[in-house]
2 protein chains.
Amino acid sequence: MKKKITLKLIAKELNVSISTVSKSLKNSKEISEETREKVQAFAKFYNYKPNNIALSLKNKKTKTIGVIIPEIVHYFFSKVIFGIEHIANQRGYNVIIGLSNESFSKEVLNMEMLANGSIDGFILSISKETLEKRDFHHFNETIAQGMPIVMFDRVEDSIKCDKVIVDDLLGSKKAVEKLINSGCNHIAIVTTKDFVNVGALRTKGYILALEENKKALNDSLILKVEDSELIDDNLTQLEQDIEHMLISNPEIDGVFAVNEIYALTVMKVARKLKKRIPEDLQVIGFSDGVLSQNAVPTLTSVSQHAQKIGERAAELLINRLELEDYEEEEMELERYETEVIETELIERESTK
Amino acid sequence: MKKKITLKLIAKELNVSISTVSKSLKNSKEISEETREKVQAFAKFYNYKPNNIALSLKNKKTKTIGVIIPEIVHYFFSKVIFGIEHIANQRGYNVIIGLSNESFSKEVLNMEMLANGSIDGFILSISKETLEKRDFHHFNETIAQGMPIVMFDRVEDSIKCDKVIVDDLLGSKKAVEKLINSGCNHIAIVTTKDFVNVGALRTKGYILALEENKKALNDSLILKVEDSELIDDNLTQLEQDIEHMLISNPEIDGVFAVNEIYALTVMKVARKLKKRIPEDLQVIGFSDGVLSQNAVPTLTSVSQHAQKIGERAAELLINRLELEDYEEEEMELERYETEVIETELIERESTK
DNA sequence: GAAACTAACGAAAACGTTTTCGTGTTGACA
DNA sequence: TGTCAACACGAAAACGTTTTCGTTAGTTTC
């Protein structure tokens, strides 16, 4: 095992001081050309690379971004990470990942683990448990320590930080309007409980679209699903709920589902009930992922541009990090941006 | 913005030396109980946490694992990461992610970026371009520097490191045998070009199963797909190839596909050709992901236990890292393990 | 020939820890 | 009263950098 080569080692080998080596490698003209070349040749030969940790300690910058997400085995989140990594890498940053698994305590733990010098800033999406408890002290404390946060998708308005969100309301509204324009008169929605704010927003969009288009609002066409129903691939409860709704409301001719799984389950139940898609029932999902693209029939859905969300979040964070170098915290009256990424309706076979 | 609190700061505030503070916090009995309590109370009140970077520099350990994968928007890889993160977190390690995007140069760059002190060891899966070029110098150099690597799934035998692989050959063989036992007589395979070693192994398993069961081997039933066919969601070329094979060989009654997309495409084409699944054509895929579970009909497929792969890789790496603390590089004749994770055939509706 | 300047380099501090090795003060003991 | 141990603490080195501020020696200037 070759020892890792350091400035000190080069200095000793070449009988010069550490300072001289450091300056030579930086091509400082304080050092004679002769010495510079000698040092550079030596360093190159032994493939010297400065130690990142030492640099981090000195510069008080790690050039690393911490990302905390609720889950990673998930098309949306992994695509966001892809976007983050893309920009981060381009701008010389590393990405370190923490998973909260939708748990409050894991979210806190992960943030504490990273906040002590390991990273320069956070990009995160709030876990469901945190949203439910509404305990956001860890975010506020982190920010108070001077570590910037960028939140995406599942955000909390009261926290002072940049945010990147999806226009959930408008996206849902457009989806429902598409159903209306395609001839649907009785449109149902399959959504989540209200504490997941994006779920609530999507429900709002649904309601708004109906109201603006003078369609009757019918509570029995709004199915709010328990989150636990998705655990362990056990979809049966979800299926039963959907089946119950479709049977007791046979007039339903369009369904808007707030995620892919819900939408696919709707199609599955419809098939079981011998309803043809899109002739008898049109379906639109939210989150345009691999499932929508490969479903049978392929699923019309609202694309959130997950990659772009990640890219913009990374840009916002890095911009702020590099701004701080100059401003030096003078302007305490900082302005935080909330950027809205537009959704796009991807039309496929599940709608007319 | 509160200044980050340090030992030096506590020391000054309490009029003791830095050493005393450090020792007090570690409950060293070298320090009087009175002083200890005073320091600890102060530290707790101001929520002191030691700076990770300084610790890393001192200990020459970062407690961080670097993971380099070809892509992250991919069920298999994201599930592996989930497994890695699970174990890593449990044992006090962080996970830092680098994406190679299947590119050799990005793989090298990412490794260089991390190898200079940022991490203690690597877990990685080799990019396709690297496999094709067969240029592995970056792995060997990293290992020579004393940084351990654990490879998973796409590995290279000649490299001296721990490996976690899937029994691709046996898994495929079992899948094909399942088709044979379910009455298939003319079984086709949709696979990749041979330089992706896992693709080659799966092809081998297919051939082996046929031979052992005295089934004729027919080259026109082996479809080796160009990887570029999958780029940009443009599946048409793939569809055409499959359609061509199915039409020119109408006797085909079973297809084994080496990944989910290939399998779904087979089913799509079969539907177009009015072949019923599984009555006329049985299909098995490899990699049991969200697509297999939600396809119509649901897809029988070979599960690789991606999460377990990640967990074992993390365990192997961390074990080695923590062993090194004691052995101190004396035993140069180290033994490296190659652990095989068994596959499992998950039977669903696409087979009888 | 002294003053002033320049070129080329080194010493040392700093980042925040941990740890080894003093060192001064006490009290006990002979 | 002198010796020794125990106690409680501090100084300093070390990890690997970067950077400021000397310090030489040699060269110019009048």
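Naming: A, B, ... by sequence-line order, numbering from 1 per chain. Please read all numbers here as calculations on a predicted model, not as lab measurements.
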Asks: Would you check if the side chain of Lys163(B) reaches a backbone N or O of Ile159(B) as a donor-acceptor pair within less than 3.5 Å?
Replies: yes
Asks: Does CZ belonging to Phe136(B) count more than 12 external heavy atoms closer than 6.0 Å?
Replies: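 Buried by this count: over 12 neighbours within 6.0 Å.
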Asks: Counting any heavy atom closer than 4.0 Å, what does Ser56(A) reach on the DNA or RNA strands: base, sugar-phosphate only, or nothing?
Replies: nothing
Asks: Pick from Glu311(A), Glu85(A), Glu322(A): which one makes a salt bridge (charged side-chain N to carboxylate O under 4.0 Å, His left out) with Arg91(A)?
Replies: Glu322(A)
Asks: Arg134(A) and Glu156(A): side chain to side chain contact (heavy atoms under 4.5 Å, CB included), yes or no, with the steps?
Replies: CA-CA 9 Å; Arg134(A) 296 195 58 74; Glu156(A) 162 60 29; 3.3 Å; yes
Asks: Salt bridge or not for Glu102(A) and Arg154(A), using N-O below 4.0 Å?
Replies: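 Yes, Glu102(A) and Arg154(A) are salt-bridged.
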Asks: Would you kindly compare Lys29(B) and Lys58(B) by the position of their nearest DNA chain D nucleotide and give the one closer to the 5′ end?
Replies: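 The residue mapped nearer the 5' terminus is Lys29(B).
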Asks: Carefully, step by step, assess Arg320(B) and Asp162(B) under the rule salt bridge (charged side-chain N to carboxylate O under 4.0 Å, His left out).
Replies: CA-CA 9 Å; Arg320(B) 188 167 291 275; Asp162(B) 292 320; 2.9 Å; yes
Asks: Which nucleotide of DNA chain D is the first, and which the last, in the 5' to 3' direction, to come under 4.0 Å of a heavy atom belonging to chain A?
Replies: dC15(D) to dC21(D)
Asks: State which residues pass ring-ring contact (aromatic ring centres under 6.0 Å, His included) with His86(B); sequence neighbours excluded, sorted by chain then number.
Replies: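 Result, ring-ring contact (aromatic ring centres under 6.0 Å, His included) vs His86(B): none returned.
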Asks: List in numerical order all residues of residues 15-27 of chain A for which some heavy atom is under 4.0 Å away from an atom belonging to DNA chain D.
Replies: Ile18(A), Ser19(A), Ser22(A), Lys23(A), Lys26(A)
Asks: Any chance the side chains of Thr20(B) and Ser17(B) put a donor and an acceptor closer than 3.5 Å?
Replies: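 Yes, Ser17(B) and Thr20(B) have a side-chain donor paired with an acceptor closer than 3.5 Å.
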Asks: By nearest nucleotide on DNA chain D, pick out whichever of Leu7(A) and Glu30(A) is the more 5' one.
Replies: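 First, find each residue's nearest nucleotide; the 5'-ward one identifies Leu7(A).
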Asks: Classify the nucleic acid contact of Lys60(B) as base, sugar-phosphate or nothing, counting any heavy atom under 4.0 Å across all strands shown.
Replies: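 Here Lys60(B) touches the backbone only, sparing every base.
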